[in-house]
There are 2 protein chains.
Amino acid sequence: MTKPSSLPKPPPAQDDARRKRMTPAARAQHILDEAAAFFAERGLATSTRELAARLGVAQALIYRYFPSKRMLIDKVFETTFARLWDDDWTMLLANRAQPLEERVARLYVAYLERAGALSVRLFVRAGLEGADMARRYSVPLTEKLLRPMIGALRADSGLPDFDQAPMLRGERELAMALHGAVVFLGIRKHVYAMPMPDDLSDLVRLQVRVFLDGARRELARLHDGTAEDSLTVQQLDRRRQRRAPAPPDSTA
Amino acid sequence: MTKPSSLPKPPPAQDDARRKRMTPAARAQHILDEAAAFFAERGLATSTRELAARLGVAQALIYRYFPSKRMLIDKVFETTFARLWDDDWTMLLANRAQPLEERVARLYVAYLERAGALSVRLFVRAGLEGADMARRYSVPLTEKLLRPMIGALRADSGLPDFDQAPMLRGERELAMALHGAVVFLGIRKHVYAMPMPDDLSDLVRLQVRVFLDGARRELARLHDGTAEDSLTVQQLDRRRQRRAPAPPDSTA
DNA sequence: CGGATAGCTGGTCAATTGCTCAATAAGCTC
DNA sequence: GAGCTTATTGAGCAATTGACCAGCTATCCG
């Protein structure tokens with residue numbers, strides 16, 4: 001046991017939660033992390049006293065770092081939502097060295113893994129609680145997942161990219177078919193607690209296989225203009241106005 | 001205005017909730033129905049006093065009909081779960097007078113409509129709360145929806161029925177792909193409150209179209225081997241890789 | 001009309017809730 | 001080691017919670 005007083009900062013092990021005193025930043029993070037897991041498991045209505053017990057800390061301490069329970073929950077939502085997305089997904093999807101099925105499967109295996117029980121449960125709780133999911137979830141979902149997804153699908157089918165043809169409402173809903181099926185895997189496991197394998201990869205791959213077969217055809221329908229029944233009337237009108245004749249489709 | 005005192009029972013209008021006195025059966029039903037909507041909207045943690053206010057009734061009255069809040073909630077779950085299933089769905093799916101796509105689409109439009117905002121939110125709440133969803137939801141789901149669904153799919157593809165080949169694990173997951181996608185439509189609308197059309201029929205039909213294309217092929221893959229009903233999806237995959245190259249696809 | 005049955009209410013209790021504050025003590029600097 | 005800063009605590013408050021009960025009164029029957 002040497003005497004480290006000569007060093008300005010002896011290894012403080014700031015990540016050790018059992019320390020009596022922590023730096024404000026570390027303590028705030030500590031509370032935030034535990035609160036996320038705690039509220040995900042036990043529900044947002046569970047008392048701050050129980051959370052404090054889990055933290056091994058006096059209940060009053062929580063209020064030194066967060067002005068109210070509401071604000072703590074909001075912060076939990078904020079950070080959990082922000083953590084979900086991975087910008088690498090765009091590149092992963094665009095990498096045509098691998099077959100489309102493999103890329104999409106990898107993407108959604110990664111998505112489910114990144115979400116995990118905590119996020120899945122928190123997201124559903126946030127939705128029920130009236131958090132602004134449309135802004136917090138739907139918007140980044142479209143930009144960081146669905147759009148790259150449709151781009152890859154289009155490229156795979158030899159269809160024009162977004163520069164030449166903006167994303168169609170029907171395309172978003174098409175991508176949502178797979179997204180919904182995969183997310184529902186997580187909901188079955190983490191919300192409904194149904195018997196599911198530890199590793200959902202094989203189930204994800206099944207969803208992807210089923211989806212891709214139908215999606216290629218549907219995408220072709222959407223772009224050759226025959227089956228546009230999934231679009232709203234207004235969108236159809238706008239779309240018809242935009243293109244004078246039917247665009248010649250040179251692809252197979 | 002005739003004097004109805006001579007009649008043993010003048011029209012009592014027992015369904016009028018504003019009446020001061022109701023028969024125990026009617027009052028219990030009244031409380032149960034309102035509680036379902038109330039807890040679905042506001043959450044299970046909302047106070048019985050607020051529920052009583054919505055009922056236009058003293059809070060103590062609830063406890064005359066239900067021994068505790070917990071028991072009331074359980075009863076709400078029980079009745080809501082029971083109401084979901086419709087035995088006509090089996091016949092609807094088996095009616096080969098209509099094309100498969102039409103039958104499946106009608107089924108899931110009916111399913112979503114029957115569920116509605118109330119059930120969707122209550123189901124998710126029940127899952128988060130730790131209600132036994134595997135028994136209450138998953139089992140009837142398989143029997144009343146997925147099994148008839150697979151039966152229709154098999155018949156459509158000229159595959160043997162359940163008498164000759166029991167349902168495969170992979171088939172259930174296959175049907176779950178569509179189920180998940182459709183349920184996620186309801187979750188987007190009723191839980192996440194995302195902007196969705198009033199009528200989800202068109203979106204359901206899109207999901208069904210996409211699903212059926214892929215499902216027919218996947219079903220053929222599942223059935224082209226020997227009896228694989230006891231194998232997991234993973235085992236099936238491994239086995240498929242071991243076998244000859246890609247399976248010949250005889251369908252259009 | 002008048003008594004009796006029973007559906008219903010107002011009032012109340014113990015426990016729990018979010019939140020506050022003065023007091024304590026951990027860990028830094030000299 | 002002394003002293004100072006401040007992270008942490010325990011006690012406590014007002015409001016809300018689930019649950020209960022004695023009494024009120026709407027409704028029926030003779």
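We name chains A, B, ... by the order of the sequence lines, and we start the count at 1 in each one.
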Quiz item: Do A:Arg147 and A:Phe162 meet the cation-pi criteria used here (NZ or CZ under 6.0 Å from the six-membered ring centre, within 45° of the axis)?
Solution: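 Satisfied, under 6.0 Å and within 45°.
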
Quiz item: Any chance CD of B:Glu113 has more than 12 other-residue heavy atoms, nucleotides or ligands included, within less than 6.0 Å?
Solution: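 No, because the 6.0 Å sphere around CD of B:Glu113 holds 12 heavy atoms or fewer from other groups.
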
Quiz item: Should we count CE of A:Met71 as having more than 12 external heavy atoms under 6.0 Å?
Solution: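 No, CE of A:Met71 has 12 or fewer neighbouring heavy atoms, counting only those of other groups under 6.0 Å.
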
Validation: residues 86-95 of chain A side-chain donor-acceptor distances under 3.5 Å, sequence neighbours left out:
| residue | atom | partner | partner atom | Å |
| --- | --- | --- | --- | --- |
| A:Asp86 | OD1 | A:Asp88 | N | 2.8 |
| A:Asp87 | OD1 | A:Lys144 | NZ | 2.9 |
| A:Asn95 | OD1 | A:Ala97 | N | 3.1 |

In whole Å, what is the span from the [atom1] atom of [X] to the [atom2] atom of [N]?
{"X": "B:Arg64", "N": "D:dG23", "atom1": "CZ", "atom2": "P", "result": "15 Å"}
{"X": "A:Glu50", "N": "C:dT17", "atom1": "CD", "atom2": "C1'", "result": "11 Å"}
{"X": "A:Leu51", "N": "C:dT17", "atom1": "CG", "atom2": "P", "result": "12 Å"}
{"X": "B:Arg70", "N": "D:dA19", "atom1": "CZ", "atom2": "P", "result": "10 Å"}
{"X": "A:Leu72", "N": "C:dG18", "atom1": "CG", "atom2": "P", "result": "11 Å"}
{"X": "A:Gln59", "N": "C:dC19", "atom1": "CD", "atom2": "P", "result": "9 Å"}
{"X": "B:Ile62", "N": "C:dG7", "atom1": "CD1", "atom2": "C1'", "result": "15 Å"}
{"X": "B:Leu61", "N": "C:dG10", "atom1": "CG", "atom2": "C1'", "result": "13 Å"}

Could you tell me whether the phosphate oxygens of [N], OP1 or OP2, come under 4.0 Å of any side-chain nitrogen or oxygen in [X]?
{"X": "A:Ser47", "N": "C:dT16", "value": "no"}
{"X": "B:Tyr63", "N": "D:dC20", "value": "no"}
{"X": "B:Tyr65", "N": "C:dC8", "value": "yes"}

Practice problem: Name the nucleic acid region contacted by B:Phe66, choosing base, sugar-phosphate or nothing; use a 4.0 angstrom heavy-atom cut-off, strictly under. | Solution: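 Since no nucleic acid heavy atom lies under 4.0 Å of B:Phe66, the category is nothing.
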
Exercise. Consider the side chain of B:Arg21, meaning its heavy atoms from C-beta on, and name the nucleotide among C:dG18, D:dC21, D:dT27 that approaches it most closely.
Key: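 Of C:dG18, D:dC21, D:dT27, D:dT27 is nearest to the side chain of B:Arg21.
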
Self-check item: B:Phe123 ring center within less than 6.0 Å of B:Phe81 ring center
Solution: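 Ring-ring flag for B:Phe81/B:Phe123: true, centres closer than 6.0 Å.
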
Quiz prompt | Any N/O donor-acceptor pair, A:Arg27 side-chain to D:dT8 base, under 3.5 Å | solution =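 Per atom types, no contact qualifies.
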
Quiz prompt | Closest-nucleotide ordering on DNA chain C, the 5'-leading residue of A:Arg49 and B:Ala58 | solution =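 The residue mapped nearer the 5' terminus is B:Ala58.
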
